[in-house]
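Only one structure is covered here, and it is reproduced in the block below.
First listed ligand is number 1; within each ligand, the first listed atom is number 1.
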Amino acid sequence: MMKQFEGRTAMVTGAGKNIGKEIALAFAKSGANVIVCDYNPQNAEETVQEIEALGVGAMAAVCDVRDREKIFAYVAAAVERFGKIDFLVNNAGGSAGLLNKLTRFVDAEQSTLDFVIDTNLKGAFHCSQAVLPSMIAQKYGKIINISSIAAICGLYDRVDYAAAKAGMIGMSKALAMEVGEFNICVNCVSPGAIERDGAKWAHMTYMGEDGHAGTPKDIADTVLFLAYQDYITGENIVVDGGRSLGPSHR
Ligand SMILES: NC(=O)c1ccc[n+]([C@@H]2O[C@H](COP(=O)([O-])OP(=O)(O)OC[C@H]3O[C@@H](n4cnc5c(N)ncnc54)[C@H](O)[C@@H]3O)[C@@H](O)[C@H]2O)c1
């Protein structure tokens, strides 16, 4: 039986582990070839091997999404190999926690602010600008940006992260206006607390008796849903088990 995305190609950034890896595997299971972009070579290679074992094509793009030139070079190589890119998921990201530099905004160093904005927001700019010519040429494409509920609720000690993720929502809406004429949809998915590296959290949401965190699969399912849709654009889908509704009084 033909799979839904057979013959299509997806590029997923930060696909070496957790949410990005789950998204990459979900595309592969739906029949798509996948470009696995991650700056961690070992994790990227592991994801590539798992995807190839599913019987579709995979290519590692080992680079930092902040490196515009390398992103453009990898996208050119991917278009050469697979003929086109149909889906881009801008998932690579994180807060100043990646540098162990979470702090009050008033004390934040310029280099940390730049790192967070460049990784989350400008990384999405680079990848989107790199893939758009291929999508425009074929008059089809989906760009899905992984934002965060920090964009709409704020997050303590992460002013830069909240601003970058809010920027991704604004970017999605404005870009959706520009590329709709080419049947390209641009949307956001905003996760709340999601399990990372197998760690589970409770008492954070309204879901279940324990108020548990979500799983990478919850995010991957939503991304695939958006990849299937041809008439949803400029939207932000919150996937947070109700966390952004406010404090629980149960
Ligand atoms: N996990 C959560 O609770 C949560 C909540 C809201 C939003 N998000 C967002 O979801 C996305 C994925 O989160 P996660 O928890 O899976 O992250 P993670 O830190 O577990 O994994 C991120 C992956 O991206 C790669 N990466 C990081 N920076 C990169 C860069 N500059 N260039 C290339 N690769 C890079 C890492 O090597 C890693 O493989 C992030 O954008 C994050 O901000 C996560």
Side-chain angles (χ1 to χ4, degrees), residues 11-26 34-48 50 60-72 74-75 88-100 102 112 114-127 130 144-156 158 160-169 171-172 188-202 204-205 207 212-220 222-223 236-241 243-244:
M11 171 165 160
V12 183
T13 68
K17 62 176 186 167
N18 293 329
I19 294 175
K21 181 173 185 175
E22 191 77 21
I23 294 168
L25 289 170
V34 186
I35 300 137
V36 174
C37 174
D38 204 293
Y39 60 22
N40 181 314
Q42 197 183 327
N43 289 353
E45 198 43 51
E46 275 173 26
T47 306
V48 163
E50 286 185 42
V62 181
C63 70
D64 192 317
V65 292
R66 292 178 296 161
D67 188 337
R68 185 181 172 85
E69 257 181 52
K70 266 200 182 162
I71 287 291
F72 273 71
Y74 271 119
V75 165
L88 167 67
V89 184
N90 285 311
N91 165 79
S95 67
L98 290 172
L99 305 173
N100 285 323
L102 291 181
T112 307
D114 287 343
F115 171 82
V116 175
I117 298 291
D118 290 354
T119 301
N120 293 278
L121 184 57
K122 284 173 73 180
F125 284 177
H126 299 154
C127 296
I144 300 161
N145 293 316
I146 307 301
S147 176
S148 163
I149 58 166
I152 46 181
C153 302
L155 195 57
Y156 218 84
R158 293 168 180 83
D160 42 12
Y161 179 72
K165 292 302 196 184
M168 293 176 87
I169 297 176
M171 166 205 173
S172 304
C188 271
V189 175
S190 288
I194 303 297
E195 291 173 8
R196 182 185 286 130
D197 298 330
K200 296 182 192 303
W201 300 300
M204 312 196 81
T205 72
M207 299 315 296
H212 55 261
T215 64
K217 183 171 185 305
D218 293 319
I219 307 306
T222 311
V223 168
N236 175 40
I237 301 185
V238 172
V239 184
D240 72 343
R243 191 172 191 209
S244 56

One residue to check: [X]. Relative to ligand 1, which of side chain, backbone, both or neither has a non-hydrogen atom less than 4.0 Å away?
X: C37; result: neither
X: A193; result: backbone
X: S190; result: neither
X: T119; result: side chain
X: K165; result: side chain

Which atoms of ligand 1 have any heavy atom of [X] under 4.0 Å away?
X: S148; result: 6 (C), 7 (C)
X: V65; result: 30 (C), 31 (N), 32 (N), 33 (C)
X: C63; result: 32 (N), 33 (C)
X: A92; result: 29 (C), 34 (N), 35 (C), 41 (O)

[X] side-chain N/O to [Y] backbone N/O, donor-acceptor pair under 3.5 Å:
X: D197; Y: A199; result: no
X: T47; Y: K21; result: no
X: D240; Y: P191; result: no
X: K122; Y: V65; result: no
X: D38; Y: V62; result: no
X: H212; Y: T205; result: no
X: N43; Y: K17; result: no
X: S147; Y: V189; result: no
X: S148; Y: A151; result: no

Write out the residue and atom name of the closest protein heavy atom to [atom], then the distance separating them to 0.1 Å.
atom: atom 29 (C) of ligand 1; answer: Y39 CE2, 3.3 Å
atom: atom 4 (C) of ligand 1; answer: G192 O, 3.8 Å
atom: atom 13 (O) of ligand 1; answer: I19 CD1, 3.8 Å
atom: atom 41 (O) of ligand 1; answer: N91 O, 2.7 Å
atom: atom 8 (N) of ligand 1; answer: Y161 OH, 3.7 Å
atom: atom 20 (O) of ligand 1; answer: N18 ND2, 2.6 Å
atom: atom 15 (O) of ligand 1; answer: R196 NE, 2.9 Å
atom: atom 38 (C) of ligand 1; answer: D38 OD2, 3.5 Å

Considering both backbone and side-chain atoms of D64, is one of its nitrogen or oxygen atoms within less than 3.5 Å of a nitrogen or oxygen in ligand 1?
yes
State whether the shortest distance between N or O atoms of L98 and N or O atoms of ligand 1 falls below 3.5 angstrom.
no
For S172, the side chain to side chain donor-acceptor pair (under 3.5 Å) test, sequence neighbours excluded, returns N145
Taking side chain to side chain contact (heavy atoms under 4.5 Å, CB included) as the criterion, tell me which of L155, N120, L102 meets it with S95.
L102
Touching ligand 1 at all, A150? Heavy atoms, strictly under 4.0 Å?
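Distance cut 4.0 Å: A150 fails for ligand 1.
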Can you list everything that forms a salt bridge (charged side-chain N to carboxylate O under 4.0 Å, His left out) with K70? Sequence neighbours excluded, please.
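Residues passing salt bridge (charged side-chain N to carboxylate O under 4.0 Å, His left out) with K70: none at all.
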